[in-house]
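To start, the structure itself, in structure tokens.
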Amino acid sequence: MQLTINGKPEELQADTIMDVLKHKDVDPHMVAVELNTQIVERDQLETTNVRAGDKIEFLFYMGGGA
Amino acid sequence: MDFTEEQIERYSRQIILEQVGGKGQQKLSRAKVLVVGAGGLGSPITLYLGAAGIGTIGLIDGDVVDLSNLQRQVLHTTPHVGVPKVESGRRLLEALNPDVHVKTYQEHINAENIMALLANYDLVLDGSDNFGTRFLVNDACFFAKKPLISGSIFRFEGQLATIKPHEGYPCYRCLYPEPPPAGLVPNCQEAGVLGVLAGTIGILQANEAVKEILEIGDTLADRLLIYDALEMKFRNVGRPKDPRCPLCSAAPTITTLEEHHVSCSV
Amino acid sequence: MITVRIPTPLRPMTGGKGEVEGTGNSIGELIDQLNVTHPGLKDRICDEQGEIRRFINIYLNEEDIRFLTGKDTPVKDGDEVSIVPAIAGGSMTKLRFHIRFPEEKVPEPIIYQIGHEYQVVTSIRRADVRETTGWMDVEFSGETEEIERAITGLRNKGVLVDPIELNVVE
Amino acid sequence: MSFSDEQITRYSRHILLPEVGGKGQKKIAQAKVFVVGAGGLGSPVALYLAAAGVGTIGLIDSDVVDRSNLQRQVLHHTPDVGRSKVQSAKEKIFLLNPDVTVETYEDRFTASNAMDYIAPYDVVIDGVDTFPAKFLINDACYFAGKPLIHGGILRFEGRVFSIVPKQSACYRCIFNHPPPPGLVPSCQEAGIIGVVAGIIGTIQATEALKLILGIGDPLTDRILDFDARKTVFREIKTKRNPRCPLCGDHPDITELFEHEHEACQLQTPGAFGIS
């Protein structure tokens, strides 16, 4: 199905957000995940379903400043 | 080229980056860049290129530091009001990083001196504040086959592009064929600029220069980046090569350097 | 509706708005329609022949219309159109004026008042102000239109204002 | 408060902007901005806020200038190596603009002093380089009701967004808590290209000025991510998270605390094949 990941349309098969993370080879502990502008809690990544047309954003931790 | 222990320490945070490494740092240390204008854009450009360890920075500007510059031209300080800008800039850059060789030209860039200047440099950054210079620098870089990073600012808005027609990309005249005629020039009719806007656009120019030197990443050679600081939005628009470009097309109408004098009529 | 992004130099015509909406089947029609809702906009975008000025580019969804079909490029609801003029840097106009004060105006801090009433910066270059007569050479920096307003304001206060030279552009 | 002729000249390019004007310049001159960290982000933030004429800039940093800072921390010069960062910063700001009052605090920003430090200020800017400090600043600004301009940088990437407590998404709305230790390089070990710090820092300063002036659209409820390799800015729209442990409907954080700091070690650059 068609998803928009980090602003880019992508075609992939996934039932849940966790499937998408696995597909993209992203460790769930390294990102915050946003589904259609709503943050998905880390404990709900496996239970949150994705549907065609969903917009998903991965926000990687960025801790520098000095 | 060998680096001293002090230099390795100084550049460690970028040497550690896979895309830079020791080899990349050598490229930076050997690079020679010319910065046109030591003002709003030239200040952050030279500060960040100087800090990164660019080998030679040429700085051309005929003006002296004015109190009204200090709202955005952070290369200069209050005690330097009245001092030539290139001199004020050189002193600060040498304190920041003595590795950098700063060459100063206290003159206005023009059709007579520009080609000889360009011959000594690999890359040009335009931080000038008028259309006459902007088109002159574009044309000269085209004739000299030097990459040019063009930045401009106005009130709350900035534009940025990399110009490399000698590599098949569009030039500045592909984007805007000629300068605006007198009286219709936005820069003459309006005034003021958000100081920190110069900082963001200038540092973005420095970033493009670093990428050109390191030969990494995607450049702005085929697009124009537009920044609106009030809305805090960055947009890209496509910048195709103009088959009828007066300068870089197959049948050019501009074959020698010409100077545009753009002034305001009241 | 077509979303049109207005650059800073043209915002005086849109009441300061950076984004307006318009209608039309082509870029040309859109500009004509915008000129109805925002009078003066077309003059800034197009020349006397109605062609888009060469230092202004128009983008339809990030593509330059010069490489599409120019003013005839079709537009439809939901499109985004950007107007992007060439910008030179952060410059502004400086104008110098010779100002003469009639006797009754000599005691008033007129230059100070003008600097506060209008968006201009005044800088006194030369002056000779005595008990009964006074003159000053004053440099005004600011937008041309605002300087003109300030000059009108000065004349309304009863002082004589003559330009010293056409202009100085920094 | 009125400006001298010199000040009118100095700030003329701002005063001439209709969105700023004399009134706006006065707001800038009366503003107090607290910058946590006088390093990669703190340098451009302090330089440009000082140039703009911000009345009071508070700078807190317990570090001294290290040679490895100079590649990006442009407030500090080579002769400053070994000197207190806040002192070095204060001197540079004074040379640039003596109108600005610089309050320096050669101290660590901790759960026990955070509230006292930020109390006198109108806006807070995050320029720190550890996750525990970033979360602490976020929490302190929430409890004190101070707007915060968040910034983060890593290698070729940077992030910035503004937080107005109780009105827009906070740092914890997005990232509940710091990543597990060792997973994300949080300190210097990962490297940073200097210009990224400059770009993110100047955007933070821009946001601070917009907040002070009350103009434009603030970067609230949207996150701006920058990739320097592509020169692409990505905007991620967001909103307050009702399950946020700090500002959500049922918060479990009710007082300031510090997450555990992880040890940070820089690999020796000598191992990187420099001939």
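Residue numbers begin at 1 in each chain, while the letters A, B, ... track the order of the sequences.
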Counting distance only, does the side-chain N/O of D/Arg72 pair as donor-acceptor with the main-chain N or O of A/Ala66 below 3.5 Å?
yes
Does D/Lys166 NZ have over 12 foreign heavy atoms under 6.0 Å away?
yes
Chain A contact via D/Gln73 - side chain, backbone, both or neither, heavy atoms under 4.5 Å
side chain
Among A/Arg42, A/Glu34, A/Lys55, A/Gln38, which residue forms the greatest number of heavy-atom pairs with chain D at distances under 4.5 Å?
A/Glu34
Nearest heavy-atom contact between A/Tyr61 and D/Leu154 is O-CD2, 4.0 Å
Close side-chain approach of A/His29 and D/Pro180, heavy atoms under 4.5 Å
yes
Closest heavy-atom pair, A/Met62 versus D/Tyr171, reported as atoms and distance to 0.1 Å, is O-OH, 4.4 Å
D/Arg243 side chain near A/Asp43 side chain, heavy-atom distance below 4.5 Å:
yes
So, the part of D/Arg159 with a heavy atom under 4.5 Å from chain A: the answer is both
Under 4.5 Å heavy-atom distance to chain D, tell me which part of A/Asn6 shows up: side chain, backbone, both or neither.
both
Crowding at CD, A/Glu46 (>12 non-hydrogen neighbours, <6.0 Å):
no
How many angstroms lie between CD in A/Glu57 and OG1 in D/Thr238, if you round to the nearest 0.5 Å?
10.0 Å
For D/Cys244, is it the side chain, the backbone, both or neither that has a heavy atom under 4.5 Å from a heavy atom of chain A?
neither
Using side-chain heavy atoms (C-beta onward) and a distance below 4.5 Å, is A/Leu59 in contact with D/Phe175?
yes
Where on D/Arg240 is there a heavy atom nearer than 4.5 Å to chain A: the side chain, the backbone, both, or neither?
backbone
At a heavy-atom separation under 4.5 Å, does D/Ile200 approach chain A through its side chain, its backbone, both, or neither?
neither
Return the CD1 to CG distance between A/Ile39 and D/Asn241, rounded to the nearest 0.5 Å.
6.5 Å
Quick check: does any side chain N or O of D/Lys134 sit under 3.5 Å from a backbone N or O of A/Gly64, one acting as donor and the other as acceptor?
yes
Identify which part of D/Lys237 has an atom lying under 4.5 Å from any heavy atom of chain A, answering side chain, backbone, both or neither.
both
